[in-house]
Participant: 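Here it is, the structure, as structure tokens.
Just follow the structure's listing: the first ligand is 1, and inside any ligand the first atom is 1. Side chains are part of it too, since the values below use all heavy atoms of this structure and drop only hydrogens, waters and symmetry mates.
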Amino acid sequence: MSDSPTLLQRLGHELANLLWPAQCLVCGSGNESLHGSVCERCWGKLLPAPAVVLPKPIDRLAVAYAYDDTLRTLIHQFKFNQTPGLAAPLAQRFSDRLDGMGFVFFDSILVPVPAHPARLRERGYNPAELLTKELAALLELPFDPRIASRLHHNPHQSSLPDEARKRSLKDSFHVTPPPEDYSETTRLVLVDDVVHSGRTIGQLARAARKAGWKQIDAVCLCA
Ligand SMILES: [Zn+2]
């Protein structure tokens with residue numbers, strides 16, 4: 001079954017927005033003032049991320065939040081229900097939390113974990129890219145989604161057993177070498193919305209290292 005909404009579903013969604021006033025995407029409350037389609041109470045429920053093992057060869061990894069019910073609902077809306085507008089409020093919380101964790105970006109270029117072209121066509125946007133773009137704007141850092149691309153179409157990662165997931169990730173990414181004016185102190189910061197085993201982002205980091213990037217960090221919205 002396809003994850004992307006049909007035209008009828010999209011029309012239904014728009015019609016619902018016209019007929020009923022906006023409700024919080026998480027709790028459904030219509031009485032609270034909303035910030036980016038979510039009420040302050042739900043935003044306030046976000047929890048710190050559990051410890052995540054650092055995938056090699058990433059130098060520093062910062063994960064902002066736990067992938068709990070609130071974020072699961074929001075990420076699902078963001079990825080599958082055609083709500084790209086969630087990128088800005090999510091990036092704001094992401095940035096606030098990284099700042100609170102004391103994560104310093106230094107001289108960095110932000111690069112989203114790329115989506116495969118087929119997935120991009122199906123969805124119309126790469127959620128990680130939208131999130132990265134908003135995050136880069138908040139941090140006033142450069143953002144370049146052309147640096148990394150995905151080579152093979154992977155089945156949905158979360159539905160695969162570990163070994164199959166490992167196999168499907170083999171040689172999945174292409175990363176362009178650093179530009180000629182590259183300073184070795186420039187950090188490539190890989191950005192993703194959800195990190196599960198860390199294998200995907202680790203694979204991307206290995207491709208980046210092979211391409212010649214020396215300093216590689218990763219920041220993820222949740223785990
Ligand atoms: Zn709410």
Participant: A cation-pi test, strictly: NZ or CZ of Arg60 under 6.0 Å from the centre of the six-membered ring of Phe103 and no more than 45 degrees from its axis. Yes or no?
Facilitator: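 Yes, cation above the ring, under 6.0 Å and within 45°.
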Participant: Can you spot which of Leu190, Thr132, Leu135, Ile201 makes a side-chain contact (heavy atoms from CB on, under 4.5 Å) with Val219?
Facilitator: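 Only one of Leu190, Thr132, Leu135, Ile201 forms a side-chain contact (heavy atoms from CB on, under 4.5 Å) with Val219, namely Leu135.
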Participant: For residues Phe173 and Gln203, determine if any side-chain heavy atom of one lies less than 4.5 Å from a side-chain heavy atom of the other.
Facilitator: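 Side-chain contact under 4.5 Å: yes.
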Participant: Not counting sequence neighbours, list each pair that qualifies as a ring pair (Phe, Tyr, Trp, His ring centres under 6.0 Å) and has a residue in residues 197-223.
Facilitator: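 Matches after skipping sequence neighbours: Tyr182-Trp213.
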Participant: Go through the structure and list residues passing ring pair (Phe, Tyr, Trp, His ring centres under 6.0 Å) with Phe143, not counting sequence neighbours.
Facilitator: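 None.
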Participant: Using a distance threshold of 2.8 Å, what protein N/O/S atoms lie below it relative to the Zn ion (ligand 1)?
Facilitator: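 The answer, once waters are left aside, is Cys24 SG, Cys27 SG, Cys39 SG, Cys42 SG.
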Participant: Which pairs of donor and acceptor atoms, one on a side chain in residues 84-98, lie under 3.5 Å apart (sequence neighbours left out)?
Facilitator:
| residue | atom | partner | partner atom | Å |
| --- | --- | --- | --- | --- |
| Gln92 | NE2 | Asp96 | OD1 | 3.1 |
| Arg93 | NH2 | Glu40 | OE2 | 3.2 |
| Arg97 | NE | Ala64 | O | 2.9 |

